[in-house]
Amino acid sequence: MVEYKQRIKIAIIISISILTAISALIFIISGEESRDGIAIEFTTRVLDNNNSALEENHQNNLSAGKEALLIFRLKNNKTGEPISGLTPEISFYVPGEDDDSEHRHLDDCDRELNLAKLQLFVLNSERGTIEVLDTFGSHDSRPRPIQNMGLMTSKLIALRGSPGQKIGDMVAGRYGDFLYATVPNENQVAVVNTISHEVIKYIDVDAMPGLMFLQPRSRYLWVSNEGGSSVSIIDTENNTLVKTIATGKGYHEIAFSQENAYVTNNQSDTVSVIRLNDLTKTGYTRVDGEPYGIDYSNASNEVYVTNRHSGTVTVIDPKTHNIKKLIQLSPGIETIRFSPDGRRGVVLNRYEDSAYIIDAETGSLIKTVKTGEAPDSVVFMEEYALIRNTYSNDVTYISMIDPEISNNELVGGQPPFYGKKHSIITNPYGDEAVITSPGDNRIYFMHKMYGQPMVMTSAAVDYGSDTAAIVENKIHETVPGTYQQYIKLDRDGAYDIVFRTQRINATFRIDVLPDQMTGLKTTALFNRTFIPGSTSVLQYRIADRRTGLPEENLTDLIFIIIKPSTGKGTWTKRFSSKYIGSGIYEAEVTLPEEGIYMVTLASGALGNRGYDTAYDYITVRNTTI
């Protein structure tokens, strides 16, 4: 019995929304149909090697291993008006012989593909490389018994620049299709396709780009140019530079109100004001004492600026841009971040090892909390603020409900020694944090356990971990009524795609055809069940996709077998293969104990011929029991 291969690289978001404008259940088998006045059209576009969309495909035939766009168009069948504002989810199923699509329910998941919802990228700024990790923390697409094995690097992306050049920052785009990294010495921003894991272009900006900031509810990414006294604005839909706006000298951070962007200029003692609807600088607010960090509170509708030299927080009215008040803290304050509800803010003083908790509604100091050494970055996980400390190997957590609850949680064996704004991040669901530890070459995952944050798992990376970015490749509305999702399916065959909101359940069939033009096709020829302690033979048939001829020249082919940690560490072993003819390579293996194992292939020649890392899962158990 040949092991079934889950060879799908795709990221989706599972979200729930309440749709009051649609009152009936819609179920669509294929093409375009309408029920109760609503029509849904589904089409696809295969992308070429330059990531450009080819002609729309109404037959919905995709090619294995090639990136594609799924396109859903919803409209009112009577008026023709687009149905906008939905937050749908999509799921993938492999149809069975007795599959009856019209009777599939929302909880019928026995044939649903277990797809990774998130991807994790880790930056080593000194080397200028980005590692792609093929799983993410507790959100793991692999079988449950191996979910604790940690992460593995599946791809290394090298960025442009001279050896040893430091990369400034890395962030994920809003819809998860692209990742961005600033390359200061090149005065550029690198754009990485998160499906193909390739750098697709470099965008020229102003001198020495540093931090990046996503504008809320917008397609724009803002880049602070430390050497150019400016900010550059990138359109993330088409990855083009929209505009560069002169601001002031020095370090910049950016915050957004509903109408404006605010940019700190720490060498000019000013905060620039840029109108969002036309990207026009309208003026500036002069502050006192080296403005550094900045954030906006949606609870008080005010902008807060930390002044490092004077130790004050300036509160700006976003309607008049006048200073409303000053909150006196202490010299050395830098970072400021407000909780998602905007009610409470955290101000860090890296020189006094302290965090100040302020109330946005009253503009008052609530509590001063002792942190680890040199606190630098802060994020929010559920009700807690998590603070990364750079001179001690710990994370300080503080309850935003009751700031009396706080503590330091050890993270790794080495402190970071220097600060990176994205050295600690939270996932889109807000229930898990990722902390980088460059001294350990590891990343750590923190969850809430027994009511308080704890480090639960960690994983090694190959080249160090300065900054991390979580990519959530989700279906999103591009124009009113049109929703798109980027995907890549590596395994050919038939699939059902289910498009859902709370009151819509529409199913479409697609056929993924083998890519006959490039690359190699690998087929596992071994059974799915092995006996512990017994010698077994693993075999793969490898053939050229275009010609079907067997591949006979893989002299460096290695079989890699991995078993998750069971308290004794992760079991990993490499087995050399031998060629036995007809494109078949085999290795004799002995697997030590019961459990689920992963098998993958490694070969320099194999990688050069278009093989993407994929895994086959096998079960080892004593069949006599």
Side-chain angles (χ1 to χ4, degrees), residues 1-9 114 116 120 131-136 140-156 441-442 457-462 490-491 520-543 551 554-580 583-625:
M1 185 175 182
V2 177
E3 166 67 7
Y4 174 70
K5 299 182 180 180
Q6 286 188 343
R7 295 191 164 200
I8 297 175
K9 295 182 178 180
N114 193 8
L120 181 60
E131 293 185 52
V132 185
L133 302 181
D134 60 0
T135 61
F136 176 81
D140 193 331
S141 63
R142 298 171 296 176
R144 188 175 300 276
I146 66 168
Q147 288 184 2
N148 293 326
M149 68 174 298
L151 309 188
M152 295 171 294
T153 299
S154 60
K155 184 71 177 287
L156 186 68
N441 280 7
R442 298 190 73 84
T457 57
S458 71
V461 292
D462 290 337
D490 286 339
R491 181 181 177 274
L520 296 172
K521 181 178 181 179
T522 63
T523 304
L525 303 179
F526 47 83
N527 293 331
R528 70 171 63 198
T529 303
F530 290 73
I531 299 175
S534 298
T535 300
S536 303
V537 176
L538 299 184
Q539 289 185 339
Y540 276 93
R541 178 183 290 118
I542 304 177
E551 174 56 56
L554 299 178
T555 58
D556 61 342
L557 183 66
I558 300 294
F559 291 12
I560 303 175
I561 304 182
I562 306 164
K563 187 179 185 297
S565 173
T566 57
K568 303 177 183 179
T570 299
W571 186 90
T572 303
K573 195 165 185 178
R574 295 169 176 258
F575 297 89
S576 298
S577 69
K578 66 178 181 179
Y579 182 64
I580 64 172
I584 298 175
Y585 296 79
E586 72 174 22
E588 292 187 350
V589 304
T590 302
L591 304 179
E593 59 186 6
E594 293 185 320
I596 294 181
Y597 293 72
M598 298 173 62
V599 183
T600 189
L601 305 178
S603 163
L606 191 66
N608 293 334
R609 293 285 302 280
Y611 173 78
D612 289 327
T613 302
Y615 303 99
D616 294 288
Y617 300 110
I618 59 178
T619 300
V620 177
R621 67 168 177 259
N622 193 338
T623 57
T624 62
I625 297 178

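Computed from heavy atoms alone, side chains included, the values below leave out hydrogens, waters and symmetry copies. Just so it is clear, the structure is predicted and the values come from calculations on it, not from any experiment.
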- From Thr522 atom OG1 to Tyr585 atom OH, the distance as rounded to the nearest 0.5 Å: 12.0 Å
- Message: Quick check against the 3.5 Å criterion: does Glu594 have a side-chain atom that pairs as donor or acceptor with the backbone of Pro532?
- Response: no
- Residues that Phe530 engages under ring-ring contact (aromatic ring centres under 6.0 Å, His included), provided they are two or more places apart: none
- Message: Do Tyr540 and Val599 have side chains that approach each other closer than 4.5 Å (heavy atoms only, starting at C-beta)?
- Response: yes
- Query: Just by distance, do the side chain of Ser577 and the backbone of Leu557 share a donor-acceptor pair under 3.5 Å?
  - Reply: yes
- Item | Beyond-backbone contact of Leu554 with Leu601, side-chain heavy atoms, under 4.5 angstrom | no
- Task: Tell me, please, which residues at least two apart from Thr535 pass side chain to side chain contact (heavy atoms under 4.5 Å, CB included).
- Result: Glu588, Thr590
- Query: Taking only residues two or more places apart in sequence, or in another chain, which ones meet Ile560 in a side chain to side chain contact (heavy atoms under 4.5 Å, CB included)?
  - Reply: Ile558, Ile562, Thr572, Arg574, Thr600, Ala602
- Item | Side chains of Ile580 and Gln539 in contact at under 4.5 Å (non-hydrogen atoms) | yes
- Name all residues meeting the side chain to side chain contact (heavy atoms under 4.5 Å, CB included) criterion together with Thr529; count only those two or more places apart in sequence or in a different chain, and write none if there are none. Arg621, Thr623
- Within-4.5 Å side-chain heavy-atom neighbours: Ser536 and Phe526: no
- Item | Check: Leu591 and Trp571 side chains under 4.5 Å, non-hydrogen atoms | yes
